[in-house]
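Accompanying notes for the structure given below.
Chain identifiers are assigned alphabetically (A, B, ...) following the order of the sequence lines, protein sequences preceding nucleic acid strands; residue numbering begins at 1 within each chain.
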Protein chains: 2
Amino acid sequence: MELRHLRYFVAVAEELNVRQAATRLHLSQPPLSRQIHDLEEEVGTKLFVRSQSGMRLTEAGRTFLKEARSILAQSQRAVQLAQAASRGGSRPPRYRLRGGRF
Amino acid sequence: MELRHLRYFVAVAEELNVRQAATRLHLSQPPLSRQIHDLEEEVGTKLFVRSQSGMRLTEAGRTFLKEARSILAQSQRAVQLAQAASRGGSRPPRYRLRGGRF
DNA sequence: AAATCTTACGGGTGACGTAACGATC
DNA sequence: GATCGTTACGTCACCCGTAAGATTT
């Protein structure tokens with residue numbers, strides 16, 4: 001499982017329509033459909049109920065959606081925090097160092 | 001950025017030695033070294049200080065390590081929760097439905 | 001037939017392994 | 001020279017796009 005699977009999954013879960021999700025991801029339907037299928041295999045359960053006029057989330061899908069969003073958000077945060085750490089020197093900013101010259 | 005990068009990064013951060021990390025990941029050194037480099041590019045900062053006798057984490061690296069571990073743990077949890085949701089029917093277990101026949 | 005998701009099939013990017021290199025002790 | 005990490009280069013997997021299929025309204 002890779003973050004790509006989570007990004008794709010969230011898009012489909014939000015659109016409830018593979019074609020629209022694919023468009024939003026600048027992707028074509030078949031690869032997206034495939035990746036969702038692969039994800040379901042790896043997770044070990046169906047995340048969607050396929051039906052005409054789109055897809056519906058299963059209970060497992062709803063649970064997984066919350067987690068996936070959280071993971072993606074944390075991934076972005078991880079990058080930002082690392083950048084901040086590299087710039088700010090370190091640790092949550094303290095407004096002035098005791099005895100600091102500036 | 002993909003989970004692969006985080007898995008690789010955590011391994012190197014724990015071993016502080018690319019060769020050992022590569023062995024642990026059943027991988028050879030060069031691709032691992034490359035992926036770490038790619039990750040640093042994507043994050044936008046050096047995560048390690050290269051030196052003889054291994055590598056040392058930068059401040060950004062230490063920050064990123066915490067996040068990476070958390071993300072990987074949450075990924076595993078996401079799968080487990082989805083599986084549980086699919087088995088358990090749904091939702092945090094309620095011991096009996098009010099008025100339910102069972 | 002129009003819309004949906006899926007399966008089939010080829011092509012290209014990129015992750016990997018082997019080999020060669022550079023640097024430090 | 002032994003042991004690090006890195007660069008170079010060829011191979012193979014796999015992700016993607018196009019085309020064709022199955023199903024439902």
Side-chain angles (χ1 to χ4, degrees), chain A residues 1-62 64-65 68 71-72 75 79 86, chain B residues 1-62 64-65 68 71-72 75 82 86:
Chain A
M1 188 170 79
E2 295 294 342
L3 291 177
R4 180 186 63 253
H5 294 108
L6 304 186
R7 294 184 203 106
Y8 290 4
F9 168 73
V10 170
V12 174
E14 286 177 358
E15 302 289 342
L16 293 176
N17 176 315
V18 177
R19 203 171 67 88
Q20 287 178 359
T23 300
R24 170 173 147 191
L25 293 166
H26 305 289
L27 203 69
S28 62
Q29 300 84 339
L32 180 53
S33 184
R34 186 74 142 79
Q35 293 290 315
I36 296 297
H37 182 260
D38 291 351
L39 178 61
E40 288 179 317
E41 281 237 325
E42 188 154 357
V43 173
T45 55
K46 291 285 180 195
L47 299 172
F48 292 100
V49 179
R50 273 77 168 169
S51 76
Q52 58 293 358
S53 73
M55 304 165 87
R56 283 182 40 236
L57 282 165
T58 60
E59 188 61 35
R62 276 188 286 279
F64 197 73
L65 177 57
I71 290 166
L72 292 172
S75 303
V79 172
S86 78
Chain B
M1 187 171 78
E2 295 294 343
L3 291 178
R4 180 186 62 255
H5 293 108
L6 304 186
R7 293 184 204 106
Y8 290 4
F9 169 73
V10 169
V12 174
E14 286 177 357
E15 301 288 340
L16 293 175
N17 177 313
V18 177
R19 204 171 66 88
Q20 286 177 358
T23 301
R24 170 173 146 191
L25 293 166
H26 304 289
L27 203 68
S28 64
Q29 301 85 341
L32 180 54
S33 184
R34 186 74 142 81
Q35 293 291 314
I36 296 296
H37 182 261
D38 292 351
L39 177 61
E40 287 179 317
E41 281 239 324
E42 189 153 358
V43 172
T45 56
K46 291 285 181 192
L47 300 171
F48 293 100
V49 179
R50 274 76 169 170
S51 76
Q52 58 293 358
S53 73
M55 304 165 86
R56 282 184 40 236
L57 283 165
T58 61
E59 189 61 34
R62 275 188 286 279
F64 196 72
L65 177 57
I71 291 166
L72 292 172
S75 303
S86 77

Whole angstrom value for the distance that separates [atom2] of [N] from [atom1] of [X]:
X	N	atom1	atom2	value
A:Arg4	C:dG14	CZ	P	12 Å
A:Glu41	C:dT6	CD	P	13 Å
A:Glu2	C:dT13	CD	P	20 Å
B:Lys46	D:dT6	NZ	C1'	11 Å

Applying side-chain hydrogen bond (donor to acceptor under 3.5 Å, both in side chains) to A:Gln20 and not counting sequence neighbours gives none
Residues from residues 10-38 of chain B sitting under 4.0 Å of DNA chain D, heavy atoms only? B:Asn17, B:Val18, B:Arg19, B:Pro30, B:Ser33
Any donor and acceptor pair, going by atom type alone, linking the side chain of A:Gln29 with main-chain N or O of A:Arg19 inside 3.5 Å? no
Any chance CZ of A:Arg24 has more than 12 other-residue heavy atoms, nucleotides or ligands included, within less than 6.0 Å? yes
CZ/A:Arg50: more than 12 non-hydrogen atoms of other groups inside 6.0 Å: yes
If the cut-off is 4.0 Å, is B:Arg50 near the phosphate of D:dT6, judged by side-chain N/O to OP1 or OP2? yes
Using ring-ring contact (aromatic ring centres under 6.0 Å, His included) as the criterion, list what pairs up with B:Phe64, not counting sequence neighbours. B:Phe9
May I ask you to say what B:Phe48 touches in the nucleic acid, namely base, sugar-phosphate or nothing, with a heavy-atom cut-off under 4.0 Å? nothing
When you check the gap from the basic side-chain N to the acidic O, do A:Arg7 and A:Glu2 get nearer than 4.0 Å? no
